Amino acid sequence: MSSSKIGFGLLGAGLIAPFHAKAINNSSLARLIGVSDVNADRLAKMTSEFGCAGYSNLETMLENPEIQVINILTPNHLHFDAVVKAAQAGKHILVEKPPAMSLQQIDSMDAVCRSAGVKIGVVLQCRVRKPIQAMREAIQKGRFGKIFHADTYMKWFRSTEYYQSDAWRMSRRSGAGVTIQQAFHYLDLLLYLMGPAKTVHARMNNLAHPKVEIEDTLLAFLDYQNGAQGVVQASTALWPGTDLRVEINGENGTAIMVGERMETWKFKEECPEDMEIRQTGGATVATGATGPADLGFRDHQTVIEDMVEAIQTGRDPFITLASVRPTLETALAMYRSAKNQAPVQLPLTDEEVW
Ligand SMILES: NC(=O)c1ccc[n+]([C@@H]2O[C@H](COP(=O)([O-])OP(=O)(O)OC[C@H]3O[C@@H](n4cnc5c(N)ncnc54)[C@H](O)[C@@H]3O)[C@@H](O)[C@H]2O)c1
């Protein structure tokens, strides 16, 4: 084991923790030092599977000088406190999505990390996928011409048992609900590609989980600041779950990503790189459609290695808090719109939406 590897500690030993652990162990730049969880059984399972130290609380893990980065993998409403503690202990941070429950929290997290001189990145790993990078580059080069539509369709399935496995998965105040939990990734991709929205009109309901008091389905219309319009359709009610889609339609071209595969890549003016872009991704890549563990860890590894490089070079991580703020703001606006049954203008002037 090389001592030049950056040491990581995981806060939370639940569902996503093994994906982080495998991503770290698979990297030549990182090593997993320890895991912390308040649940002793989950903690024991992780420490025995990955041969790392176990801590029953964050404070003790923060005392280990070998740990330079803390990955925050707790339920969504607990991210804020953990970020503040880790930053004040001088640790760099990777926080799972959504990074926080309010814009005020995001702004405070940013301020605390800046004053502590530590880096903070957000785990929105879908941004690193090749089709998304190809779409972004084509948008920046103006290849689509005027963009008319940017949409996402997430027709997924989660069982009632998934929701009932932990109280936080059934509580909107804890950050559950298809909008802020699963669809957050794909709303983030739309805004990453298109820039901010100016109006949101959303409808939410619960189609298939009557024992769970949160929305399992979101339908929303977006007007982007750049003049395009879009649809977000997201559900965990649609058995068995099919690969998500991100679609961009402009006057001069159309791009459609399905799962991780570039299904359509067609422009009025062909470029030399287009043949290769059409081969991107594989039909069999698991992207979470049928169950929460239906995932690979490669994109997490990219995010982890990006953090290592950010630490070593002094640059910002690839996915900054500031870049995720519009995603949280738009998700919050969707909740307000659904509650008031009316469109909501952005930016939000106050964020009391729950
Ligand atoms: N990037 C992705 O694709 C992806 C996928 C799944 C989950 N996530 C995110 O990861 C986070 C965790 O989700 P999950 O599905 O693993 O949840 P989970 O409920 O399975 O795991 C959370 C763990 O945190 C532990 N925990 C709670 N309070 C704690 C505390 N104070 N100190 C230490 N541990 C504590 C719980 O005991 C539990 O083991 C969420 O933010 C979620 O949105 C991201």
Side-chain angles (χ1 to χ4, degrees), residues 1-14 16-37 46 50 52-55 57-76 78-100 105-125 127-128 188 297-325 327-328:
M1 189 189 298
S2 157
S3 58
S4 64
K5 289 182 176 184
I6 296 280
F8 281 74
L10 308 182
L11 180 69
I16 200 64
F19 295 88
H20 281 254
K22 286 176 195 165
I24 292 165
N25 281 348
N26 203 47
S27 171
S28 59
L29 308 176
R31 62 190 174 121
L32 180 63
I33 308 281
V35 181
S36 171
D37 200 298
M46 278 292 290
F50 293 99
C52 61
Y55 303 91
N57 60 67
L58 173 61
E59 288 73 12
T60 323
M61 183 161 73
L62 292 175
E63 284 169 11
N64 187 335
E66 284 189 84
I67 295 178
Q68 288 162 271
V69 185
I70 300 284
N71 294 13
I72 294 174
L73 320 179
T74 48
N76 299 334
L78 301 175
H79 292 176
F80 177 72
D81 284 351
V83 165
V84 171
K85 282 183 187 163
Q88 287 173 344
K91 308 294 186 187
H92 304 289
I93 295 159
L94 275 174
V95 58
E96 267 290 356
K97 56 80 206 169
Q105 283 187 344
I106 285 211
D107 295 341
S108 304
M109 281 156 69
D110 222 1
V112 169
C113 291
R114 272 178 210 287
S115 87
V118 299
K119 299 191 181 299
I120 178 162
V122 185
V123 186
L124 278 162
Q125 76 277 7
R127 282 197 200 180
V128 308
D188 180 71
F297 64 81
R298 193 194 55 215
D299 295 337
H300 275 84
Q301 187 174 332
T302 306
V303 171
I304 282 159
E305 292 182 342
D306 170 72
M307 174 54 86
V308 170
E309 203 183 288
I311 293 168
Q312 288 169 342
T313 61
R315 66 160 168 79
D316 280 342
F318 181 52
I319 306 167
T320 60
L321 267 183
S323 76
V324 180
R325 196 180 189 281
T327 309
L328 182 63

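Numbers for residues simply follow the sequence, beginning at 1. Because the structure is predicted, anything quoted here is derived from the model rather than measured.
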Peer 1: Is there a donor-acceptor pair under 3.5 Å between the side chain of Lys97 and the backbone N or O of Asn76?
Peer 2: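 Flag not set: sc Lys97 to bb Asn76 has no pair under 3.5 Å.
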Peer 1: About how many Å separate CD1 of Ile70 and CD1 of Ile120, when rounded to the nearest 0.5 Å?
Peer 2: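 Ile120 atom CD1 to Ile70 atom CD1 measures 12.0 Å (nearest 0.5 Å).
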Peer 1: Which is it for Phe8 and Leu94 under the side chain to side chain contact (heavy atoms under 4.5 Å, CB included) test, yes or no, and what are the steps along the way?
Peer 2: CA-CA 10 Å; Phe8 281 74; Leu94 275 174; 4.2 Å; yes
Peer 1: Which pairs with one or both residues in residues 309-322 pass salt bridge (charged side-chain N to carboxylate O under 4.0 Å, His left out), sequence neighbours excluded?
Peer 2: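 Residue pairs with at least one partner in residues 309-322: Asp306-Arg315, Glu309-Arg315.
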Peer 1: For a quick check under 3.5 Å, do Ser27 and Glu305 share a side-chain donor-acceptor pair by atom type?
Peer 2: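 Their side chains do contain a donor-acceptor pair, which is all the 3.5 Å distance test asks for.
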Peer 1: Once rounded to the nearest 0.5 Å, what's the spacing between atom CG of Leu321 and atom CG of Asp110?
Peer 2: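 Atom-to-atom, Leu321:CG and Asp110:CG are 5.0 Å apart.
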Peer 1: Cut-off 3.5 Å, no hydrogens considered: what does the side-chain donor-acceptor table look like for residues 57-64, sequence neighbours left out?
Peer 2:
from  : atom 1 : to    : atom 2 : distance (Å)
Asn57 : OD1    : Glu59 : N      : 3.2
Asn57 : OD1    : Thr60 : N      : 2.8
Asn57 : OD1    : Thr60 : OG1    : 2.6
Asn57 : ND2    : Thr60 : OG1    : 3.3
Glu59 : OE2    : Lys85 : NZ     : 3.0
Asn64 : OD1    : Glu66 : N      : 2.8
Asn64 : ND2    : Tyr55 : OH     : 3.0

Peer 1: With sequence neighbours excluded, what pairs up with Gln68 under the side-chain contact (heavy atoms from CB on, under 4.5 Å) test?
Peer 2: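 For Gln68, the residues satisfying side-chain contact (heavy atoms from CB on, under 4.5 Å) (neighbours in sequence not counted) are Ile6.
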Peer 1: For residues Ala30 and Ile304, report the shortest heavy-atom separation together with the two atoms involved.
Peer 2: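 Minimum heavy-atom contact is CB-CG2, 4.1 Å.
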Peer 1: May I ask you to test the Val83-Val112 pair for a side-chain heavy-atom distance under 4.5 Å?
Peer 2: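 No - every pair of side-chain heavy atoms lies 4.5 Å or more apart.
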Peer 1: Would you confirm whether Lys119, through its side chain, and Met307, through its main-chain N or O, come within 3.5 Å as a donor-acceptor pair?
Peer 2: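 No, because the side chain of Lys119 does not come within donor-acceptor range (under 3.5 Å) of the backbone of Met307.
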Peer 1: Determine, step by step, whether Phe50 and Val35 satisfy the side chain to side chain contact (heavy atoms under 4.5 Å, CB included) criterion, reporting the C-alpha distance in whole Å, the side-chain angles of both residues, the deciding distance to 0.1 Å, and the verdict.
Peer 2: CA-CA 10 Å; Phe50 293 99; Val35 181; over 6 Å; no
Peer 1: Under a 4.5 Å cut-off applied to non-hydrogen side-chain atoms, are His92 and Pro317 in contact?
Peer 2: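 Not in contact.
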Peer 1: Could you measure the distance from the NZ atom of Lys22 to the CZ atom of Arg298? Nearest 0.5 Å is fine.
Peer 2: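 The distance works out to 15.0 Å.
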Peer 1: Using the test side-chain contact (heavy atoms from CB on, under 4.5 Å), find all partners of Asp107 that sit at least two apart in sequence or belong to another chain.
Peer 2: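 Applying side-chain contact (heavy atoms from CB on, under 4.5 Å) to Asp107 gives Arg325.
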Peer 1: To the nearest 0.5 angstrom, please state how far the CD1 atom of Ile319 sits from the CD atom of Gln125.
Peer 2: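 Output value for this atom pair is 8.0 Å.
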Peer 1: Partners of His300 by ring pair (Phe, Tyr, Trp, His ring centres under 6.0 Å), sequence neighbours excluded?
Peer 2: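 Expected list: His20.
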Peer 1: For Asp37 and Gly14, work out which heavy atoms get closest and say how close.
Peer 2: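 Heavy-atom minimum between the residues: OD2-N, 4.1 Å.
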Peer 1: Are the side chains of Ile24 and Asn71 in contact, using a 4.5 Å heavy-atom criterion?
Peer 2: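 Yes; the side chains approach each other to less than 4.5 Å.
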Peer 1: Going by heavy atoms in the side chains, are Thr74 and His79 under 4.5 Å from each other?
Peer 2: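 Heavy-atom side-chain distance check passes, below 4.5 Å.
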Peer 1: Specify the closest pair of heavy atoms between Ala116 and Ala87, including all atoms of both residues, with the distance to one decimal.
Peer 2: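 Scanning both residues completely, I find the closest heavy atoms to be CB-O, 3.3 Å.
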Peer 1: Ignoring hydrogens, what is the shortest heavy-atom contact between Leu73 and Ala17? Give both atom names and the distance.
Peer 2: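 Smallest heavy-atom distance, with atoms named: CD1-CA, 3.7 Å.
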Peer 1: Does Ala100 have any side-chain contact (heavy atoms from CB on, under 4.5 Å) partners at least two apart in sequence or in another chain, and if so, which?
Peer 2: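 Gln105, Ile106, Met109.
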Peer 1: How close do Met46 and Leu10 get, counting heavy atoms only, and between which atoms?
Peer 2: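 Nearest heavy atoms, Met46 then Leu10: CE-CD1, 3.9 Å.
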Peer 1: What are the two closest non-hydrogen atoms of Ile33 and Gly7, and how far apart are they?
Peer 2: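 Minimum heavy-atom separation between Ile33 and Gly7: CG1-CA, 3.7 Å.
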